Amino acid sequence: MSEEASELIKKRYEKLQKLRQHSIDPYPNRFFKTHDIKRIKEAFFPQQGLVVGHVKTAGRVVSHRPMGKAVFFVIQDEADKIQIYASNETLNEIDFLVLQNLDLGDIVGVEGETFRTRTQEPSIRAHKLTLLAKNLSPLPVVKEKEGVLYDALSDVEFRYRKRYVDLIVTPKTRHDFKLRSSVVQAIRQFMQEEGFMEVETPMMQLVASGAAAKPFITHHNALDMDLYLRIAPELYLKRLIVGGFEKVFELNRNFRNEGISTKHNPEFTMMEAYQAYADYETMMDLTQRLFVFVADKVLGTQKITYGEHIIDLTPPWPRKNYLDLLHEYSGIDFKQKLQEKLSLEEAKELARKLQVPHHEAQTIWEVLDEVFSHLVEPKLIQPVFVQNYPKAMSPLAKSIPGDEFLVERFEPYIAGREMGNAFTELNDPEEQLRRFEEQLRQREQGARETMELDEDFIEALKVGMPPTGGLGLGIDRMVMLFTNNHSIKDVILFPLLRPRESKK
RNA sequence: GAGAAGCUAGCUCAGUCGGUAGAGCAACUGCCUUUUAAGCAGUGGGUCCCGGGUUCGAUUCCCGGGCUUCUCACCA
């Protein structure tokens, strides 16, 4: 950066030099505050009036208005901002030099009295000004009046690549990631209060199973073997149910080597929970209560504004059968067609008539899935449990007793988006083996995504797993819902981007 | 992986029907000691994403590449 430094940056380095020549350390070792800004506002600035008091606080200069030998500037800390007033009359000679060389983006410590300006703006009259870190890489200049931003940082790429800058200049970014943290915290609290134990299972696995997705491969040098980054924690969590823990959950990252989109990041956060002596209906109830708990906790309401919609999380959420929804939105009774032994060709013909693209579908189930995602999913705005899915797409779920095609599985849908996946867990090891083998057969027939056979998991089931309900929730998507964001990159602090040729 | 759009000053954006570019903010200089998207006057700042082609001349037209965004595909 330095040899290509722009004029702006050169100026900053010159100021740095000037300060050092006057024995001012632009990067002192420490500075301790008596108050953070929010507390100053609370303690010294009642609605009307003022409590005069002495404070010592710090923050980043986010606005800078010199006026003669006086300067009004605003400092921002993690939670709030306050205006500082300083001049040659309030500061000593050395601190005034700091003031004269102050730039947007500098981090400063301030000591002084609280007061209100003529326009009643809460302010601090600085008697001491300490430079704590010089800004050498000028920030985008974003101005703000009554909550409206002017020249807001709108270069999306810049915001993702330089998230630390985005966090400084874009209040919504700060807000959304604080809210994300609160969501995660609320989920943990809810699960713990429900009696679930948080566990950590391997992220590096010998067999990447538990979901149908392409894994990332990594390598262990000492053992000289390839490992997969997990695509799901599912099979390990169920091993713990076998081991005798009755309520477990894990809240952490999964890795899937798939395309990147507004709804997909290669690493994403899931919460998976398993409860022994329970079934998928138990998990529906848990899901509903969890969403309500989190919404109350972080938003204080069960009605969420998302884009054009007001989404009402108030339970109970309706439950609709997968095949009934297909019937409802396509006009075709697939349940009947299945009983009449519908062929793949006939299924594709039906999809053609419905104008649903299906060219890559290799099985009847994949055709149905295409129809579902094109005709049904976008309509599922208010919370709904879609239940009783085709067996062929759900190799880890228990069959509905007496039903040839369907399993006890549901997916909660909100805002046209799948928020999770849950089922009554298959615990019959022989059946599980057959299902894995069926996956292999489907793959040989050309199915795009199938699940890997995990032999040790079969061994675990042979030891005996009680009847169990399991649930997975996509945390990123949940946060998108709660923060009214439409791109997953806006709820991931550092989304994966291709590297860029230096510069910027 | 496919299609569409975008890439011009530190930021937000104009613009050039082909003659090497502008505004606002920011920076710098001067004035201004209760301003707040502060104000007034002046100054400086650009490999117009990269490479090639056409052309007397390309930031502009053509071809190739890069990166991003959006949509679709795969998936959650």
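Below, chains carry the letters A, B, ... as their sequence lines are ordered, and counting in each starts from 1. Note that this is a predicted model, so its numbers are computed, not measured.
For A/R116 (side chain) and A/G49 (main-chain N/O), a donor-acceptor pair under 3.5 Å exists by modelled atom type. In this structure, A/R125 contributes its side chain and A/T90 its backbone to no donor-acceptor pair below 3.5 Å.
Take A/D490 and apply the salt bridge (Lys or Arg N to Asp or Glu O under 4.0 Å) test, not counting sequence neighbours, and it matches A/R159. Not counting sequence neighbours, the partners of A/Y228 by the side chain to side chain contact (heavy atoms under 4.5 Å, CB included) test are A/A208, A/P215, A/I217. Take A/D80 and apply the side-chain hydrogen bond (donor to acceptor under 3.5 Å, both in side chains) test, not counting sequence neighbours, and it matches A/K41.
When the nucleotides B/A37, B/U34, B/U33 are ranked by their closest atom to the side chain of A/Y150, B/A37 comes out on top. When each of B/C11, B/U34, B/A76 is scored by its nearest atom to the side-chain atoms of A/F158, the top-ranked nucleotide is B/C11. Each of B/C74, B/A37, B/U35 was ranked by its minimum atom distance to the side chain of A/S123; first place goes to B/U35. Here the nucleotide nearest the side chain of A/K69, chosen from B/U34, B/C25, B/U33, is B/U33. The side chain of A/K143 approaches B/A37 more closely than any other nucleotide in the set B/A37, B/U68, B/A76. Side-chain proximity of A/R161 to B/G10, B/C11, B/U68: nearest is B/U68. The listed nucleotides are B/U68, B/A76, B/C28; the one nearest the side chain of A/I488 is B/A76. Proximity note for A/E258 (side chain, C-beta onward) versus B/C11, B/C28, B/C74: the nearest is B/C74.
Side-chain to base pairing of A/R125 with B/U34: one donor and one acceptor N or O lie within less than 3.5 Å of each other. One cannot find a donor-acceptor pair under 3.5 Å joining the base of B/U34 and the side-chain atoms of A/R118.
Contact check for A/L229 versus A/M204: side-chain heavy atoms found under the 4.5 Å cut-off.
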- Task: Heavy atoms under 4.0 Å is the rule here; annotate nucleotides 40-45 of chain B 5' to 3' with B where the base is hit, S where only the sugar-phosphate is, and - elsewhere.
- Result: ----BS

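Among the protein residues, A/R12 comes within range of no part of the nucleic acid, since none of its heavy atoms lies under 4.0 Å from any strand. Residue contacts for A/K81: at a heavy-atom cut-off of 4.0 Å it reaches no nucleic acid atom on any strand shown. Among the protein residues, A/T262 comes within range of the sugar-phosphate backbone only, with heavy atoms under 4.0 Å from sugar or phosphate atoms but none that close to a base. Nucleic acid contact class of A/Y160 (heavy atoms, under 4.0 Å, all strands): sugar-phosphate only. Looking at heavy-atom distances under 4.0 Å, A/G474 makes no contact with the nucleic acid at all. Contacts of A/E418 with the nucleic acid, taken as non-hydrogen atoms under 4.0 Å apart, involve only primed sugar atoms and P, OP1 or OP2. Within 4.0 Å (heavy atoms only), A/N88 reaches at least one base atom of the nucleic acid. Across all strands shown, A/Q83 has heavy atoms under 4.0 Å from base atoms, whether or not it also approaches the sugar-phosphate. Among the heavy atoms of the strands lying under 4.0 Å from A/N265 is at least one base atom, whether or not backbone atoms are also near.
Taking 4.0 angstrom as the limit, A/K162 places none of its side-chain polar atoms (N or O) nearer than this to OP1 or OP2 of B/G10. OP1 and OP2 of B/U35 both lie 4.0 Å or more from every side-chain N or O belonging to A/R65. Residue A/R477 places none of its side-chain N or O atoms closer than 4.0 Å to OP1 or OP2 of B/A76. Look at A/S154 and you'll find a side-chain N or O under 4.0 angstrom from OP1 or OP2 of B/C13. One finds no side-chain N or O of A/K11 lying less than 4.0 angstrom from the OP1 or OP2 phosphate oxygen of B/A26. A sub-4.0 Å separation between OP1 or OP2 of B/U68 and a side-chain N or O of A/R498 is present.
A side-chain donor from one of A/E272 and A/Y274 sits under 3.5 Å from a side-chain acceptor of the other.
Going from atom CD of A/Q100 over to atom P of B/G30 covers 10 Å, rounded to whole Å. Residue A/E411 contributes atom CD, which lies 8 Å from atom P of B/A76 at whole-angstrom precision.
B/A27 and B/G57: their C1' atoms are spaced 34 Å apart (whole Å). Between B/U59 and B/U8, the distance separating the two P atoms is 15 Å to the nearest Å. Of the P atoms belonging to B/C25 and B/A41, the separation is 11 Å, rounded to the nearest Å. Across the P atoms, B/A9 and B/G46 are found 11 Å apart, a figure rounded to whole Å. Between the C1' atoms of B/G3 and B/A73, the separation comes to 11 Å (whole Å).
Put simply, CE on A/M284 and OG1 on A/T287 are 8.5 Å apart, with the number rounded to the nearest 0.5 Å. A distance of 12.0 Å separates CD in A/Q17 from CG in A/N101, rounded to the nearest 0.5 Å.
Note on ring orientation: taking the six-membered ring where Trp is involved, the planes of A/F73 and A/H64 are tilted (angle from 30° to 60°). Ring geometry for A/Y85 against A/F115 counts as perpendicular: the plane angle is over 60°, on a 0 to 90° scale with 30° as the lower cut.
Remark: A/R163 is not positioned above the aromatic ring of A/F494, lacking an NZ or CZ atom under 6.0 angstrom from the ring centre and at most 45 degrees off the axis.
Taking the nucleotide of RNA chain B with the nearest heavy atom to each of A/A211 and A/H374, the more 5' of the two is matched to A/H374. Comparing A/I260 and A/H486, the nucleotide of RNA chain B nearest to each residue sits closer to the 5' end for A/H486.
With respect to the salt-bridge test (charged N to carboxylate O, under 4.0 angstrom), the residues A/K398 and A/E425 do not qualify. A/R441 and A/E438 are joined by a salt bridge, as a carboxylate oxygen and a charged side-chain nitrogen come within less than 4.0 angstrom of each other.
If you check residues 230-237 of chain A against RNA chain B, you find no residue with a heavy atom closer than 4.0 Å.
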- Kindly express the pairing pattern of RNA chain B in dot-bracket notation, using | wherever a base pairs with another strand and counting only Watson-Crick or G-U pairs under 3.5 Å. (((((((..((((.....[..)))).(((((.......))))).....(((((..]....))))))))))))....

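Crowding of A/H175 atom NE2: a count of heavy atoms from other residues, nucleotides or ligands under 6.0 Å not exceeding 12.
Residue-nucleotide stacking is not present for A/F72 and B/A38, judged by a side-chain ring centre under 5.5 Å from the six-membered base ring centre and planes under 30° apart.
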